[in-house]
Amino acid sequence: MKIVVTGGAGYIGSHTCVELLENGWEVVVVDNLANSSFEALKRVEEITGKKIEFYQTDIRDKSKLSEIFSAYTSNSETSENHQKCSIDAVIHFAGLKAVGESVALPLEYYSNNITGTLTLLEVMKQYGVKNLVFSSSATVYGDPHTLPIKENFPLSVTNPYGRTKLMIEEILKDLHVSDPSWNIALLRYFNPVGADSSGRIGEDPFGIPNNLIPYIAQVAVGRLSFLNIFGDDYNTPDGTGVRDFIHVSDLAAGHIKALPKLFTNPGVVVYNLGTGKGHSVMELVRSFEKASDRKIPFKIAQRRAGDIAACYADPSKAERELDWKAVRTIDDMCRDTWNWQKNNPNGFRKD
Ligand code: NAD
Ligand code: WQD
């Protein structure tokens, strides 16, 4: 059973590769390494003791993508067109993901995320591979009127990154209408954090991190001097923002549970992948201090433009239909992030 993982060298992709390999899947990674390192895949092999087939390719390069799919396709007497591709499904992580950057570089985001996805879908169609798991985001819910967020809540987006996610969801729904033999899981992630418990792989952002936990981790390890907390006057229990932080290994496990669902021919299915619990920025700071046994110096700064006060999932649909539930706590998330960060102060780059 073979899975193509686009963006498999990235943060969520590499953790999902660990889960796939540990659950007996063969893994083919397609990644241009625009935001990741080959070292991550070497470490996935080391953690699991299994091999990954890797192609350093941009998913917008249709001829290279076709070559990859063609390498797994053989002539068959049983199939209608006498061709059989041995790829069972694609998990599609490849994309650019920084909200602020997407406002400055909309064309890059539309090209990479939308054109990349269209090219991937064309090649999948050509080779008769019609099972897809897509990395969507809680960002498609905008600023929700009530909490927790259910999958049927209204959708709205406020920046180019979010628009690419929503547009791709719509494109995938249109594709299924045109050809119901496609099976597509739209997984809406909340706030993925943490690292593999081995401490060998983790989040390794290039430059100064945009997201909370990698920023805190770099303060703890001494790469940054203090954290700016963006606002302490929100309508939340302690005034700081509240999010549904989910351990990346729980998130990865959700993808493994989505695969058998696809093979039951469900059409397009949508799931929130979150814990269902909201935790504040301040709670995360305190939990990280406990995990690292270090003080995290912080300053209260202005609210960050575009931020909402609170956001957390109702994950009960995934629990009911996929038999999946996030089990790790914020203390687990901070412990594993710290274990990764302290053992790899410069991420995957050599010191
Ligand atoms: P990441 O940047 O670590 O991983 C993305 C990977 O895709 C990288 O390895 C990058 O090199 C690769 N890539 C990008 N464009 C490519 C292209 N054109 N061709 C081939 N490879 C390409 O990001 P991540 O945090 O692992 O996120 C994975 C997916 O999940 C993304 O689609 C992201 O939008 C989505 N997502 C992430 C979060 C989050 O907070 N991390 C939340 C919700 C959704
Ligand atoms: C979390 C909280 C900040 C940094 C983003 C994307 C979203 C999704 C997940 C992809 C907020 C506060 C942060 C800092 C802070 N990604 N914060 N100081 O904004 O919830 O979600 O990542 O799909 O689309 O928008 O995550 O980690 O940036 O922020 O105080 O230096 O931490 O204000 O309340 P966010 P985040």
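The structure displayed is predicted, hence computed values, not measured ones. All ligand and atom numbering here is 1-based and tracks the order in the structure.
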On the 0 to 90° scale, with breaks at 30° and 60°, tag the Y55-Y72 ring pair as parallel, tilted or perpendicular. perpendicular
Take the angle between the ring planes of Y161 and Y109 and call it parallel below 30°, perpendicular above 60°, tilted in between. perpendicular
Of D332, D336, D196, which is the lone residue that meets side chain to side chain donor-acceptor pair (under 3.5 Å) with H247? D336
Got a donor-acceptor contact below 3.5 angstrom from the D244 side chain to the F190 backbone? no
Do R303 and Y234 form a cation-pi contact, if we require the NZ or CZ to be under 6.0 Å from the six-membered ring centre and within 45 degrees of the ring's axis? yes
Sequence neighbours left out, what passes salt bridge (Lys or Arg N to Asp or Glu O under 4.0 Å) with K62? Give chain and number order. E122
Pick out the protein N or O atoms lying less than 3.5 Å from any N or O of ligand 2, and list each pair with its distance.
unit_1: ligand 2; atom_1: 18 (N); unit_2: N228; atom_2: O; d: 2.7
unit_1: ligand 2; atom_1: 19 (O); unit_2: R304; atom_2: NH2; d: 2.8
unit_1: ligand 2; atom_1: 20 (O); unit_2: N191; atom_2: ND2; d: 3.0
unit_1: ligand 2; atom_1: 20 (O); unit_2: R243; atom_2: NE; d: 2.6
unit_1: ligand 2; atom_1: 22 (O); unit_2: N211; atom_2: ND2; d: 3.3
unit_1: ligand 2; atom_1: 23 (O); unit_2: S137; atom_2: OG; d: 2.7
unit_1: ligand 2; atom_1: 23 (O); unit_2: Y161; atom_2: OH; d: 2.5
unit_1: ligand 2; atom_1: 26 (O); unit_2: N191; atom_2: ND2; d: 3.1
unit_1: ligand 2; atom_1: 27 (O); unit_2: N211; atom_2: ND2; d: 3.4
unit_1: ligand 2; atom_1: 27 (O); unit_2: L212; atom_2: N; d: 2.8
unit_1: ligand 2; atom_1: 28 (O); unit_2: N211; atom_2: ND2; d: 3.0
unit_1: ligand 2; atom_1: 28 (O); unit_2: R304; atom_2: NH1; d: 3.3
unit_1: ligand 2; atom_1: 28 (O); unit_2: R304; atom_2: NH2; d: 2.9
unit_1: ligand 2; atom_1: 29 (O); unit_2: R304; atom_2: NH2; d: 3.4
unit_1: ligand 2; atom_1: 30 (O); unit_2: N228; atom_2: O; d: 3.4
unit_1: ligand 2; atom_1: 30 (O); unit_2: F230; atom_2: N; d: 2.9
unit_1: ligand 2; atom_1: 33 (O); unit_2: D307; atom_2: OD2; d: 2.5

One line per pair, note the atom names and distance for all nitrogen or oxygen contacts under 3.5 Å between ligand 1 and the protein.
unit_1: ligand 1; atom_1: 2 (O); unit_2: N35; atom_2: ND2; d: 2.7
unit_1: ligand 1; atom_1: 3 (O); unit_2: Y11; atom_2: N; d: 2.8
unit_1: ligand 1; atom_1: 9 (O); unit_2: G10; atom_2: N; d: 3.2
unit_1: ligand 1; atom_1: 9 (O); unit_2: D31; atom_2: OD1; d: 3.2
unit_1: ligand 1; atom_1: 9 (O); unit_2: D31; atom_2: OD2; d: 2.6
unit_1: ligand 1; atom_1: 9 (O); unit_2: S36; atom_2: OG; d: 2.6
unit_1: ligand 1; atom_1: 11 (O); unit_2: D31; atom_2: OD1; d: 2.7
unit_1: ligand 1; atom_1: 11 (O); unit_2: N32; atom_2: OD1; d: 3.4
unit_1: ligand 1; atom_1: 11 (O); unit_2: A34; atom_2: N; d: 3.0
unit_1: ligand 1; atom_1: 11 (O); unit_2: N35; atom_2: N; d: 3.0
unit_1: ligand 1; atom_1: 11 (O); unit_2: S36; atom_2: OG; d: 3.2
unit_1: ligand 1; atom_1: 13 (N); unit_2: N32; atom_2: OD1; d: 3.4
unit_1: ligand 1; atom_1: 15 (N); unit_2: N112; atom_2: ND2; d: 3.0
unit_1: ligand 1; atom_1: 18 (N); unit_2: D58; atom_2: OD1; d: 3.1
unit_1: ligand 1; atom_1: 18 (N); unit_2: N112; atom_2: OD1; d: 3.1
unit_1: ligand 1; atom_1: 19 (N); unit_2: I59; atom_2: N; d: 3.0
unit_1: ligand 1; atom_1: 21 (N); unit_2: N32; atom_2: N; d: 3.2
unit_1: ligand 1; atom_1: 21 (N); unit_2: N32; atom_2: OD1; d: 3.2
unit_1: ligand 1; atom_1: 25 (O); unit_2: K97; atom_2: NZ; d: 2.8
unit_1: ligand 1; atom_1: 26 (O); unit_2: Y11; atom_2: N; d: 3.3
unit_1: ligand 1; atom_1: 26 (O); unit_2: I12; atom_2: N; d: 2.8
unit_1: ligand 1; atom_1: 32 (O); unit_2: F93; atom_2: O; d: 2.8
unit_1: ligand 1; atom_1: 32 (O); unit_2: K165; atom_2: NZ; d: 2.9
unit_1: ligand 1; atom_1: 34 (O); unit_2: Y161; atom_2: OH; d: 2.7
unit_1: ligand 1; atom_1: 34 (O); unit_2: K165; atom_2: NZ; d: 3.1

Can the ring centres of F134 and H255 be said to be less than 6.0 Å apart? no
Hey, can you pull the donor-acceptor pairs under 3.5 Å for the side chains in residues 200-218, sequence neighbours left out?
unit_1: R200; atom_1: NE; unit_2: E46; atom_2: OE2; d: 2.7
unit_1: R200; atom_1: NH2; unit_2: E46; atom_2: OE1; d: 3.0
unit_1: D204; atom_1: OD1; unit_2: R349; atom_2: NH2; d: 3.0
unit_1: D204; atom_1: OD2; unit_2: F348; atom_2: N; d: 3.1

Taking only Lys NZ, Arg NE, NH1 and NH2, and the carboxylate oxygens of Asp or Glu, determine whether R286 and E283 approach each other closer than 4.0 Å. no
